[in-house]
J.: 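Mind looking over this structure? Questions follow.
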Amino acid sequence: MTLKTIFRDLTLKTLEKLSTYEKVEKLNSIGLINTCLVDKILKFNYENKIGLYRIPTNLLPFPTHPSAMEWNWREIFKPCFEHTGKLAKDFGIKISFHADEYTIINSTNETVFQNSVQTLSYLSDVLDFMGVKGRIVIHIGGVYGDKNNSIKRFKSNFNKLPKSVREKLIAENDDKQYDWKDVLEISKELCIPMVLDIHHYKVNNLHDPLTTKDVKEIFSTWKDEKPKIHLSSPQNKKDLRAHAEYINIEDFLWFLNITKIFDYDIMLEAKAKELAALKFREDLKYLIKT
DNA sequence: TGAAGTCAAGGCGTG
DNA sequence: CACGCCTTGACTTCA
């Protein structure tokens, strides 16, 4: 059994050709198709004992764009999200979002920061409507030629965010700029959990190799919550950053070896999505048996 | 109905 | 300086 998980979308150009009435109709229709798809995925995950799900940020089309301001999705979709949230809770599936690359909390441009606040509020409100204790993953952002100042700006801008957003954010190490030590320091100071992405770690690590002690410190940022890591495999040797279809079990074993004493969730970032998750689990089972 | 070109946004690396 | 990349690509147009 495979899932066809194609989330509907539309281009701005198409949207702007429509009358106000047509716009709302179109946006509603796409939003509804996508939320129904989420319900279907949750059901699939439950049946296949997959305990996590990351909802794509394009769940709703143009949720924060000026050209769709007349669309009051919060009012219209509240019951939908309540229903979806109830499913997630009944199935025991943890929900999360990953803010897109345009969400930059530490931007030097105030407009970019304000747009980021809008996007984060959208994601936060969806989680609140769902009534789940979901998380929103973010990266630290740009460096702008001065990492120390950019980290400072991240921290001060973080504190300008609405409380409802702040309490959902979790920070992830990235593959180019902010490595795990940078993010750990920031996470500790802001008291937010850190998601360790072990693929990004391998691509971008300026420090010593990760030890069990380091992982313990990273996991301690989660307090009473079960920690989560991100796992993916590179597309190919040349293009290390892009995600492959499936997970190569080798990319996890080294980490498993230093974390056997811990209990944590694994979010897979693989293009084959649910198929990759099922295969990963089979590979792991086979390996442990032999 | 298929393939090819296009798509809101930022920051960074590459040619 | 223009372009591609990142995101679990998808939409739109044109044969």
Side-chain angles (χ1 to χ4, degrees), chain A residues 2-18 23 26-27 29-31 33-34 37-38 40-41 44-45 50 52-69 71 95-120 122-123 136-147 149-150 153-154 157 172-178 197 199-200 203-204 230-236 238-247 266-280:
Chain A
T2 67
L3 264 177
K4 255 199 142 133
T5 55
I6 296 172
F7 281 81
R8 293 286 307 277
D9 206 348
L10 87 162
T11 61
L12 184 62
K13 217 162 108 188
T14 307
L15 181 76
E16 288 177 339
K17 275 185 211 154
L18 304 175
K23 262 189 200 176
K26 185 79 183 168
L27 293 164
S29 129
I30 293 176
I33 291 169
N34 289 351
L37 181 54
V38 169
K40 203 171 129 191
I41 293 168
F44 177 92
N45 281 12
I50 298 170
L52 310 181
Y53 178 55
R54 177 192 294 174
I55 306 177
T57 50
N58 64 342
L59 171 67
L60 299 181
F62 298 107
T64 64
H65 197 277
S67 290
M69 274 301 114
W71 185 39
I95 300 296
S96 61
F97 281 110
H98 190 317
D100 59 34
E101 67 269 44
Y102 304 109
T103 307
I104 302 163
I105 291 177
N106 77 345
S107 177
T108 48
N109 179 333
E110 177 64 18
T111 307
V112 173
F113 173 65
Q114 286 307 331
N115 290 343
S116 302
V117 175
Q118 292 300 310
T119 301
L120 291 171
Y122 145 60
L123 300 175
I136 303 171
V137 181
I138 44 151
H139 291 291
I140 305 304
V143 170
Y144 311 94
D146 184 346
K147 200 169 189 180
N149 256 318
S150 296
R153 202 170 42 254
F154 180 88
N157 281 351
E172 177 187 357
N173 57 310
D174 66 67
D175 52 5
K176 284 194 303 215
Q177 281 124 213
Y178 295 95
D197 185 308
H199 173 50
H200 290 166
V203 181
N204 174 25
H230 287 173
L231 172 62
S232 57
S233 287
Q235 183 85 261
N236 54 57
K238 263 209 233 150
D239 194 4
L240 284 174
R241 292 179 60 207
H243 292 164
E245 290 283 321
Y246 288 88
I247 305 294
I266 305 172
M267 171 65 72
L268 302 184
E269 297 178 319
K271 286 184 186 283
K273 298 176 263 191
E274 77 280 1
L275 297 179
L278 299 180
K279 182 175 185 299
F280 176 71

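In this text, all values refer to a predicted model and were calculated from it rather than measured experimentally. Throughout, a chain's letter reflects where its sequence line sits, starting with A, and its residues are numbered from 1.
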J.: Take atom P in C:dC5 and the same atom in B:dG5, then report the distance between them in whole Å.
T.: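 These two P atoms come out 15 Å apart once rounded.
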
J.: Base, sugar-phosphate, or nothing for A:R54, non-hydrogen atoms under 4.0 angstrom?
T.: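 Counting heavy atoms under 4.0 Å across all strands, the contact made by A:R54 includes a base.
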
J.: If you round to the nearest 0.5 Å, how far is OG1 of A:T64 from CE of A:M69?
T.: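 Going from the CE atom of A:M69 to the OG1 atom of A:T64 covers 6.5 Å.
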
J.: Test side chain to side chain donor-acceptor pair (under 3.5 Å) on A:H98 and A:E172 and set out the steps.
T.: CA-CA 10 Å; A:H98 190 317; A:E172 177 187 357; 3.1 Å; yes

J.: Whole angstroms only, please: what is the NE2-P distance between A:H139 and C:dC5?
T.: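 These atoms are roughly 18 Å apart.
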
J.: Can you tell me if A:R8 touches the phosphate of C:dA10, counting only side-chain N or O atoms and a distance under 4.0 Å to OP1 or OP2?
T.: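 For C:dA10, neither OP1 nor OP2 has a side-chain N or O of A:R8 closer than 4.0 Å.
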
J.: Return yes if some donor-acceptor pair links the side-chain N/O of A:H243 with the main-chain N/O of A:K271 below 3.5 Å, else return no.
T.: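 Absent.
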
J.: Mind calculating the distance between NZ (A:K26) and C1' (C:dT12) to the nearest angstrom?
T.: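 Nearest whole value for this atom pair: 11 Å.
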
J.: Within the 4.0 Å heavy-atom criterion, would you say A:Y246 contacts the bases, only the backbone, or no part of the nucleic acid?
T.: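 Here A:Y246 touches no strand at all.
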
J.: Please state how far atom CG in A:L12 lies from atom C1' in B:dT6, giving the value in whole angstrom units.
T.: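 These atoms are roughly 13 Å apart.
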
J.: Rounded to whole angstrom units, what separation is found between the CD atom of A:E16 and the C1' atom of C:dT12?
T.: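 Whole-Å distance recorded here is 15 Å.
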
J.: Using both distances under 3.5 Å as the test, list the Watson-Crick or G-U wobble partner of C:dT13, or none.
T.: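 Base partner found: B:dA3.
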
J.: Base, sugar-phosphate, or nothing: which does A:I6 touch, judged by heavy atoms less than 4.0 Å apart?
T.: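 The residue A:I6 makes sugar-phosphate contact but no base contact.
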
J.: Mind checking the C1' distance from B:dT6 to C:dG4? Whole angstroms is fine.
T.: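 Between the two C1' atoms, the distance is 14 Å.
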
J.: Could you tell me the separation between the CD1 atom of A:I33 and the P atom of C:dA10, rounded to a whole number of Å?
T.: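 About 14 Å, once rounded to whole Å.
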
J.: What's the CG-C1' distance between A:N58 and B:dC7, to the nearest Å?
T.: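 About 13 Å, once rounded to whole Å.
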
J.: In whole Å, what is the span from the NZ atom of A:K13 to the P atom of B:dG5?
T.: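 My rounded result for the distance is 15 Å.
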
J.: Considering only the P atoms, how many Å lie between C:dC3 and B:dA9, rounded to the nearest integer?
T.: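 The same atom, P, in both gives a distance of 15 Å.
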
J.: Give a yes/no on whether any side-chain N or O of A:T14 is located under 4.0 angstrom from OP1 or OP2 of C:dT12.
T.: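 Answer is yes, contact under 4.0 Å.
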
J.: Would you sort out whether A:T11 and A:T14 count as a side chain to side chain donor-acceptor pair (under 3.5 Å), showing the intermediate values?
T.: CA-CA 5 Å; A:T11 61; A:T14 307; 2.8 Å; yes

J.: Under a 4.0 Å threshold between the charged nitrogen and the carboxylate oxygen, would A:E269 count as salt-bridged to A:R54?
T.: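 Counted as a salt bridge, because a side-chain N and a carboxylate O are separated by less than 4.0 Å.
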
J.: Quick one: what's the B/S/- string for nucleotides 9-15 of chain B, heavy-atom cutoff under 4.0 Å, read 5' to 3'?
T.: BBSS---

J.: Considering every strand shown, what is the Watson-Crick or G-U wobble mate of C:dC5 when both distances are under 3.5 Å?
T.: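 Across all strands, the one nucleotide that pairs with C:dC5 is B:dG11.
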
J.: Between A:V38 and A:Y53, is the side-chain contact (heavy atoms from CB on, under 4.5 Å) condition met? List the steps.
T.: CA-CA 9 Å; A:V38 169; A:Y53 178 55; 4.1 Å; yes

J.: Short question: side chain of A:H65, backbone of A:S67 - any donor-acceptor pair under 3.5 Å?
T.: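 Present.
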
J.: Could you tell me whether the side chain of A:N106 and the main chain of A:G142 form a donor-acceptor pair under 3.5 Å?
T.: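 Such a contact is found between A:N106 side chain and A:G142 backbone.
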
J.: Is the distance from OP1 or OP2 of C:dT7 to the nearest side-chain N or O of A:H243 less than 4.0 Å?
T.: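 Yes, A:H243 has a side-chain N/O under 4.0 Å of OP1/OP2 on C:dT7.
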
J.: Rounded to whole Å, please give me the gap between CE in A:M267 and P in C:dT7.
T.: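 About 14 Å, once rounded to whole Å.
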
J.: Just checking A:F62: base, sugar-phosphate only, or nothing, at a heavy-atom cut-off of under 4.0 Å?
T.: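 Base contact - A:F62 has a heavy atom under 4.0 Å of at least one base atom.
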
J.: For atom P, what is the distance between C:dT12 and B:dA8, given to the nearest Å?
T.: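 Roughly 10 Å separates the two P atoms.
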
